[in-house]
Amino acid sequence: MRSGSASRKVPGGKLIRVQVQFSDTIRQMRITGDFFLHPEEALNRIEEAFEGADVRAGVGGFRSIIERILSSCNAQPVGFTPQDLAEAISEALK
Amino acid sequence: MKWRIVPLETHGAAMNMAIDESVAEHIATGGSPPTIRFYRWKPSAVSIGCFQSMQDEVDLRTCKELGVDVVRRRTGGGAVYHDYDGEITYSVIAPEGLLPKDITASYKVICGWIVDALSLLGIQSGFRPVNDIVAGERKISGNAQTRRGGILLQHGTILYCLDVRKMFSLLKVGADKISDKMISSVEERVTCVSRLKPGLDMEEVHQALIRSFTKGKQFEFGAWKKEELKRAQELAQIRYGSDTWNFQR
């Protein structure tokens with residue numbers, strides 16, 4: 001089991017920090033930062049959705065997971081995009 | 001429909017956040033009118049956004065040494081030092097339908113009231129998306145919004161007098177937060193009323209805020225209902241005063 005983390009300051013936006021525990025799959029993910037997300041509960045749903053995700057899914061795969069959860073929660077991020085978060089997750093897994 | 005204006009009052013960190021939530025609940029059930037409140041924090045406190053890590057953002061040892069409270073807000077956004085002598089905080093708590101549906105547009109409307117208040121005081125400022133008000137390039141107000149159960153809560157600070165060194169001794173501000181602004185000193189990021197217009201006292205700022213926040217509105221000055229305060233005291237205990245809530249992330 002490995003741990004990784006990455007921070008990303010989105011230009012014109014907010015800071016996202018991702019911390020992960022993983023092997024071939026993601027065991028646990030924690031996302032923190034000074035962004036907004038409406039409704040706020042969507043963040044827990046995103047973190048839960050990544051449990052068991054294949055670490056090799058890549059930025060595109062991670063973005064799809066995030067977009068699926070945002071859509072299902074009718075959630076709107078403010079200060080970051082799904083692409084920003086996906087890239088931070090990918091960075092944390094390196 | 002009249003807005004209720006609750007003028008400047010002072011509470012501890014947990015109670016300030018609890019009042020916001022209690023009032024939102026009572027507005028949702030129709031028991032209270034849309035409300036604007038102004039308040040200070042005593043003891044001084046650090047509040048963090050609901051998605052932040054307390055350990056990452058706050059120097060807890062220094063807070064304890066200086067008798068500064070810490071609390072997690074229900075709103076997102078960043079870490080804020082609420083100096084009792086240094087700022088006025090406001091909350092706007094209202095049915096969503098009274099403000100624009102678009103989040104940025106709603107920030108712009110409410111932040112516009114702050115820009116107007118600062119203009120009354122002779123300070124030129126502007127709204128900088130997502131949620132800041134800047135005078136020149138320096139931040140003078142930060143704001144945060146949540147929408148739950150059809151109720152919009154936006155709260156924010158207007159910096160009156162800033163002790164930058166004390167603020168950044170309490171907050172952990174990482175290089176990655178400010179690196180894209182290409183400035184070396186965090187002291188260049190913020191400003192305050194007393195720096196821009198020396199001689200103004202906090203009550204003058206308060207009165208300017210009341211004037212601008214009530215402009216164009218039907219309103220009356222009011223106080224908290226007994227049941228709002230009772231629920232706030234309950235929330236202060238079970239949520240905002242609890243480690244389970246404050247240290248959840």
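Lettering follows sequence order; numbering is per chain, from 1. Every heavy atom of this structure was used, including side-chain atoms; hydrogens, water molecules and symmetry mates were not.
Inter-residue side-chain proximity for B:Gln52 and A:Leu15 is flagged as unmet; no heavy-atom pair is nearer than 4.5 Å. Inter-residue side-chain proximity for B:Ser53 and A:Arg17 is flagged as unmet; no heavy-atom pair is nearer than 4.5 Å. Counting only heavy atoms from C-beta outward, the side chains of A:Thr32 and B:Gln55 never approach each other to under 4.5 Å.
Of all heavy-atom pairs between A:Ile31 and B:Arg249, the closest is O-NH1, 2.6 Å.
From A:Gln76, atom CD reaches atom CG of B:Asp102 across 7.0 Å, with rounding to the nearest 0.5 Å.
The number of heavy-atom neighbours closer than 6.0 Å to CZ of B:Arg239, taken from other residues, nucleotides and ligands shown, is above 12. Other residues, nucleotides and ligands contribute only 12 or fewer heavy atoms inside 6.0 Å of the CD atom of B:Gln237. Counting heavy atoms of neighbouring residues, nucleotides and ligands inside a 6.0 Å radius, atom CD of A:Glu41 exceeds 12 of them. Other residues, nucleotides and ligands place no more than 12 heavy atoms under 6.0 Å from the NZ atom of B:Lys108.
For a residue to count as touching a neighbouring chain, one of its non-hydrogen atoms must lie under 4.5 Å from one of that chain's; by this rule B:Ala144 touches chain A with backbone and side chain alike.
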CA sep, side-chain torsions, deciding dist, call: A:Phe36, B:Thr146, side chain to side chain contact (heavy atoms under 4.5 Å, CB included) | CA-CA 9 Å; A:Phe36 298 90; B:Thr146 183; over 6 Å; no
Verify side chain to side chain contact (heavy atoms under 4.5 Å, CB included) between B:Phe51 and A:Asp34, making sure each step is shown before the conclusion.
-> CA-CA 7 Å; B:Phe51 303 120; A:Asp34 62 353; over 6 Å; no
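With salt bridges taken as basic N to acidic carboxylate O contacts below 4.0 Å, one links B:Arg148 and A:Glu40.
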